J.: 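I'd like to ask you about the structure that follows.
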Amino acid sequence: MKIFKDKNALQKEILKTKGISFVPTMGGLHKGHISLIKQSKKSKFKTLVSIFVNPKQFNKKSDFRSYPRNIKKDIKLLKKLKIDYLYIPTFKDIYGFRTKNKVFLDKSSKELCGKFRKGHFEGVLNVVNRFIEIIKPRYIFLGKKDYQQLYLIKKHIKKREIKSKIIECKTIRENNGVACSSRNLNLSRSQMKIASNIFYYLRNLKKKIKKNYSLFKINKIKKELTKLGANKIDYLENYNIKSFKKIKNTNKKYNLFFAYYIKKVRLIDNI
Ligand code: PAF
């Protein structure tokens with residue numbers, strides 16, 4: 001595994017390859033990332049993983065500061081997984097150049113997480129657009145846990161006619177049902193149990209509302225989640241996963257999207 005901290009050196013190396021399969025991350029690697037990397041390694045291209053905690057996608061400084069970081073452990077894991085390249089850029093390496101493409105922000109970026117984390121998706125698309133221009137990957141592997149992010153990146157790529165193909169990967173869960181996330185590293189054992197109870201409660205709720213949508217009573221559900229230990233609920237909404245619009249009935253395929261806090265830790269998922 002070759003490690004790069006500078007895009008010029010990285011680009012020189014990439015030129016020698018047939019193409020790159022890219023797994024962008026912010027570190028704090030978990031089973032979800034491992035699964036993305038394993039899928040990437042099955043492609044015929046070299047696998048490049050990036051670790052960059054992108055300050056521009058955090059709407060609160062405190063959230064940026066407390067985001068889990070464990071670079072030594074991450075490097076050890078990536079070596080074991082035998083990836084080809086690891087890119088750990090500095091802020092300047094990423095933001096110190098003018099991009100060719102302007103970020104395209106679909107209007108759905110103002111909904112769900114976009115409503116509660118001002119500037120978040122602008123920040124995500126900005127950094128992803130820059131990574132794409134540096135690496136020009138053939139494939140980009142992204143997880144469905146961050147479904148809105150995945151949707152918006154796909155829209156940007158389509159609009160700007162970028163050649164990279166997004167590979168959507170299923171959400172990987174802990175044995176207790178909770179979606180793998182770097183943020184889980186900030187949860188205590190008892191808080192993880194709360195997250196697990198909330199997951200099962202909502203999964204069960206989804207089964208019930210599929211049969212009878214009138215059971216989707218938002219205030220009652222929010223009260224129930226608070227009883228289970230959620231401290232603040234940002235949203236709980238059913239969205240068609242193709243059109244990414246709020247559903248009016250349960251005829252089409254939809255997911256229940258939610259974001260809530262356990263103390264200071266914000267968790268999102270969709271089921
Ligand atoms: O999903 C993430 O970890 C980040 O949003 C990403 C795609 C690496 C951009 O910083």
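Side-chain atoms are counted along with the backbone in the values below, which use heavy atoms only and exclude waters and symmetry mates. Computed from a predicted structure; not experimentally measured. Whatever order the structure lists ligands and atoms in, that order sets their numbers, starting from 1.
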J.: With a cut-off of 4.0 Å, which atoms of ligand 1 are near a heavy atom of V127?
T.: 9 (C), 10 (O)
J.: Verify the neighbour count for atom NZ of K46: are there more than 12 heavy atoms of other residues, nucleotides or ligands below 6.0 Å?
T.: no
J.: Starting from atom 3 (O) of ligand 1, locate the nearest protein heavy atom and write down its residue, its atom name and how far away it is, to 0.1 Å.
T.: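 Result for atom 3 (O) of ligand 1: M26 CG, 3.6 Å.
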J.: State whether the shortest distance between N or O atoms of Q57 and N or O atoms of ligand 1 falls below 3.5 angstrom.
T.: yes
J.: In Å, rounded to the nearest 0.5 Å, how long is the span from CD1 of I262 to CG of L187?
T.: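 Atom-to-atom, I262:CD1 and L187:CG are 5.5 Å apart.
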J.: What atoms in ligand 1 come closer than 4.0 Å to a heavy atom of P24?
T.: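 Atoms satisfying the 4.0 Å criterion: 8 (C).
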J.: Tell me which one of D63, D146, D234 satisfies salt bridge (charged side-chain N to carboxylate O under 4.0 Å, His left out) with R117.
T.: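 Of the listed residues D63, D146, D234, the salt bridge (charged side-chain N to carboxylate O under 4.0 Å, His left out) partner of R117 is D63.
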J.: Pairs of nitrogen or oxygen atoms closer than 3.5 Å, one from Q149 and one from ligand 1: do any exist?
T.: yes
J.: Do you know which of R173, R203, K206, K145 makes salt bridge (charged side-chain N to carboxylate O under 4.0 Å, His left out) with D269?
T.: R173
J.: Once you restrict to heavy atoms under 4.0 Å, what part of T25 touches ligand 1? Side chain, backbone, both or neither.
T.: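 Backbone only; the side chain of T25 stays clear of ligand 1.
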J.: Atom NZ of residue position K232 - does it have more than 12 heavy atoms of other residues, nucleotides or ligands inside 6.0 Å?
T.: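 Enclosed.
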